[in-house]
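What follows is one structure encoded as structure tokens, with my remarks underneath.
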There are 2 protein chains.
Amino acid sequence: MTHLPYDPYNRNCPTRKLLDRIGDRWTVLIVGALGEGPQRFGEIARRVDGVSQKMLTQTLRGLERDGLVRRTVFAEMPPRVEYALTPVGQTLREPLRALEDWAREYMADIEGARDVYDDAAVNVA
Amino acid sequence: MTHLPYDPYNRNCPTRKLLDRIGDRWTVLIVGALGEGPQRFGEIARRVDGVSQKMLTQTLRGLERDGLVRRTVFAEMPPRVEYALTPVGQTLREPLRALEDWAREYMADIEGARDVYDDAAVNVA
DNA sequence: CAGTATCCAAAATGATACTG
DNA sequence: CAGTATCATTTTGGATACTG
């Protein structure tokens, strides 16, 4: 029995880890927002529709921890904190953009298929 | 005040919907597995390390509903059911592969940064 | 402004037992 | 084999109140 070329399906493979990393509701959106340039906490909060303060803080901390985002605190009053993608963080933009492009091209099809499927189910019920 | 070129951050934008669609623990992995060819339920279950029967069924049903996967039941005994990506499902492979490539290239960096960050935190504590 | 601390609700996932 | 049904649990996320 030969083994697979590689095993993205085994736990602890890189893909799996990435999924754990970006597979939450906010990470991808926040990286996307920061892709347009460094921004302050409040700006990101306003831009990413629906994030709570808690989730924004938590997600940014996680990204900082992983070296994808740099956090700069200016010793001013009132406080100013700026977030920016690091060079590694920048590299994430491209694959995420590919996903975004896919979404723009196909999500309507998906929703169409979904409606058809649900209608069929209703007819059966 | 000009508006943004497009708003992937607003609820109900395509990107947001895609994230809702694939942003769970199993969808991406299962699509990846099916990318290697049509497979039976049990094969997928064995290949995707850690999926429970329940989650596999649930995820496959969702993908079928959205027109990304086709489910074929053979009237045999014991039952045989084959899952395959639809043409639209196939198109998802490319952006997902981009993400996979990124993971293979950068996840080690991420984990390194994470260790550094955590060590620093410990020293402070 | 940019957080932190708590508490709580809801959603996602897992374990287990059973079936055509 | 390929599911379904149910229950328990683990995560996640949101609301709210408070602070340097």
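Below, chain A is the first sequence line, B the second, and so on; all start at residue 1. Given the structure is predicted, the values throughout are model-derived calculations rather than measurements.
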Closest to the 5' end of DNA chain D, once B:Val81 and A:Pro78 are matched to their nearest nucleotides, is B:Val81

Next item on the list: Check whether any side-chain heavy atom of B:Trp102 sits under 4.5 Å from a side-chain heavy atom of A:Leu96, and report yes or no.
Entry: no

CG of B:Leu85 to CG of B:Leu63, rounded to nearest 0.5 Å, is 8.5 Å

Whether each nucleotide of nucleotides 10-15 of chain D has a protein heavy atom under 4.0 Å at its base (B), only at its sugar-phosphate (S) or at neither (-) is summarised, 5' to 3', as --SBBB

For B:Leu34 and B:Tyr83 the tightest heavy-atom approach is CD2-O, 3.5 Å

Residues passing the salt bridge (Lys or Arg N to Asp or Glu O under 4.0 Å) test with B:Lys17, sequence neighbours excluded, are A:Glu111

Just distance, no hydrogens or angles: give the donor-acceptor pairs under 3.5 Å from side chains in residues 23-31 of chain A, sequence neighbours left out.
from	atom 1	to	atom 2	distance (Å)
A:Asp24	OD1	A:Trp26	N	2.8
A:Asp24	OD1	A:Thr27	N	2.8
A:Asp24	OD1	A:Thr27	OG1	3.0
A:Asp24	OD2	A:Thr27	OG1	2.7
A:Arg25	NH1	B:Asp20	OD1	3.4

The answer to which of A:Arg80 and B:Met77 contacts DNA chain C further toward the 5' end, by nearest nucleotide, is A:Arg80

Under the rule of Watson-Crick or G-U wobble with both distances under 3.5 Å, where | means paired to another strand and [ ] a crossing pair, DNA chain D maps to ||||||||||||||||||||

Item checked: Basic-acidic side-chain contact under 4.0 Å: B:Glu36, B:Arg47 -> yes

Min and max contacting nt of DNA chain C in 5' to 3' order, chain B heavy atoms within under 4.0 angstrom, are C:dT13 to C:dG20

Distance col, row B:Leu68:CG vs B:Arg21:CZ, nearest 0.5 angstrom, shows 6.5 Å

Practice problem: Identify whether any heavy atom of A:Glu76 sits under 4.0 Å from a base atom; if not, whether one sits that close to sugar-phosphate; answer base, sugar-phosphate or nothing. | Solution: nothing

For A:Arg65, the salt bridge (Lys or Arg N to Asp or Glu O under 4.0 Å) test, sequence neighbours excluded, returns B:Asp118

query: Which part of the nucleic acid, if any, lies within contact of B:Tyr83, taking any heavy atom under 4.0 Å across all strands shown: a base, the sugar-phosphate backbone alone, or nothing?
result: sugar-phosphate

CD of A:Glu94 to CG of B:Leu99, rounded to nearest 0.5 Å, is 11.5 Å

### Task
Identify whether the distance between the nearest side-chain nitrogen and carboxylate oxygen of B:Arg104 and B:Glu100 falls below 4.0 Å.
yes

